[in-house]
Amino acid sequence: MSLSVLSALFVTVLGLVYTLATFALPEAAMGRPNEPKIFPAILGILLIILGAILLIQVIMSEKKEGKGEKLQFGQSEKQIALTIANGVVYSLLFNPIGYVPSTIIFVLMELFIFDGVKVWKKGLVISVLFSVIVYVIFDILLGIYLPPSPLGFI
């Protein structure tokens with residue numbers, strides 16, 4: 001079984017588990033009782049559909065090209081693995097160092113993963129601007145709490 005098939009199966013199963021977990025969410029105390037479940041259920045169903053489409057495409061592509069039974073990491077798979085690792089690091093840093101610093105690190109690392117280190121100046125500007133603008137919009141304008149930096153600034 002190829003890595004692409006495994007990836008497509010993983011996405012499909014993840015969507016299935018996510019959709020099933022959606023139905024375990026509590027009902028709303030006011031208004032429509034199932035309203036908090038609608039958006040997550042839609043996301044889960046889309047994940048199942050997209051995973052199934054990806055699985056079909058991979059199987060058809062491998063039959064056409066005569067590939068199979070190879071388990072190798074290509075550039076895309078390395079980027080996916082690095083993105084997952086980066087997401088884990090981000091989740092570990094989020095509360096201890098705050099939203100803005102952890103998001104700057106996360107976005108900068110993602111840009112390094114996909115664009116390379118040679119564009120570090122552009123990546124630094126993009127990651128700082130994105131993090132600060134999103135912080136201002138959510139924390140200040142909308143009043144949605146985001147963890148502040150332990151140094152006292154955003």
Side-chain angles (χ1 to χ4, degrees), residues 1-55 58 71-154:
M1 186 178 307
S2 72
L3 190 59
S4 299
V5 171
L6 285 176
S7 299
L9 283 172
F10 176 76
V11 170
T12 306
V13 170
L14 179 67
L16 184 63
V17 170
Y18 184 85
T19 302
L20 293 174
T22 296
F23 298 113
L25 291 172
E27 293 183 349
M30 298 172 54
R32 297 183 201 128
N34 289 323
E35 190 129 353
K37 300 176 185 181
I38 294 172
F39 184 69
I42 291 170
L43 289 179
I45 291 167
L46 284 174
L47 200 55
I48 293 169
I49 292 169
L50 293 174
I53 291 170
L54 179 61
L55 183 60
V58 166
L71 196 58
Q72 296 179 326
F73 274 111
Q75 183 64 23
S76 298
E77 287 83 5
K78 288 177 186 174
Q79 290 172 333
I80 291 169
L82 288 171
T83 296
I84 291 169
N86 192 26
V88 170
V89 170
Y90 178 64
S91 68
L92 294 173
L93 293 177
F94 191 75
N95 280 325
I97 69 171
Y99 170 79
V100 173
S102 62
T103 304
I104 289 171
I105 293 168
F106 176 77
V107 172
L108 187 59
M109 298 286 49
E110 285 302 302
L111 292 171
F112 284 170
I113 290 168
F114 289 96
D115 290 340
V117 183
K118 62 183 179 255
V119 291
W120 71 270
K121 290 178 187 175
K122 179 177 92 172
L124 187 61
V125 169
I126 290 170
S127 62
V128 169
L129 284 176
F130 174 81
S131 301
V132 170
I133 289 170
V134 169
Y135 181 84
V136 168
I137 289 171
F138 279 88
D139 200 72
I140 297 171
L141 297 177
L142 298 174
I144 298 172
Y145 171 77
L146 293 172
S149 166
L151 300 175
F153 62 93
I154 8 180

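Starting from 1, each residue takes its place in the sequence as its number. Values below: every heavy atom of this structure, side chains too, minus hydrogens, waters and symmetry copies. All values derive from a computational prediction rather than experimental measurement.
Counting heavy atoms of neighbouring residues, nucleotides and ligands inside a 6.0 Å radius, atom CZ of Phe130 does not exceed 12 of them.
When all heavy atoms of Leu111 and Gly123 are compared, the pair lying nearest together is CD1-CA, 3.5 Å. In this structure, Ser102 and Gly98 approach most closely via the heavy-atom pair OG-O, 2.6 Å. Residues Gln79 and Ile113 come closest through the heavy atom pair NE2-O, 3.6 Å. Nearest heavy-atom pair across Ala41 and Thr22 is N-CG2, 3.5 Å. Of all heavy-atom pairs between Thr12 and Ala8, the closest is OG1-O, 2.9 Å. The two residues Ile48 and Gly15 have their closest heavy-atom pair at CG1-C, 3.4 Å.
Expressed to the nearest 0.5 Å, how far CD1 of Ile38 lies from CG of Leu43 amounts to 12.0 Å. Annotation: the span from Ser131 atom OG to Ile126 atom CD1 amounts to 11.5 Å, rounded to 0.5 Å. Atoms CG and CG, from Leu9 and Leu55 in turn, are 5.0 Å apart once rounded to the nearest 0.5 Å. Rounding to the nearest 0.5 angstrom, the gap separating the CG atom in Leu141 from the CD1 atom in Ile133 is 11.5 Å.
Looking only at side-chain heavy atoms (C-beta outward), Leu47 and Leu14 come within less than 4.5 Å of each other. Contact of the Val89 side chain with the Ile105 side chain is not registered, since no non-hydrogen atoms from C-beta on lie closer than 4.5 Å. Here the side chains of Val134 and Thr103 are not in contact, with every heavy-atom distance at 4.5 Å or above. Between Thr83 and Phe114 the shortest side-chain heavy-atom distance falls below 4.5 Å.
Note: Tyr90 and Phe106 have tilted aromatic rings, judged against thresholds of 30 and 60 degrees for the angle between ring planes.
At distances below 3.5 Å, not a single donor-acceptor pair connects side-chain atoms of Ser127 with backbone N or O atoms of Val107.
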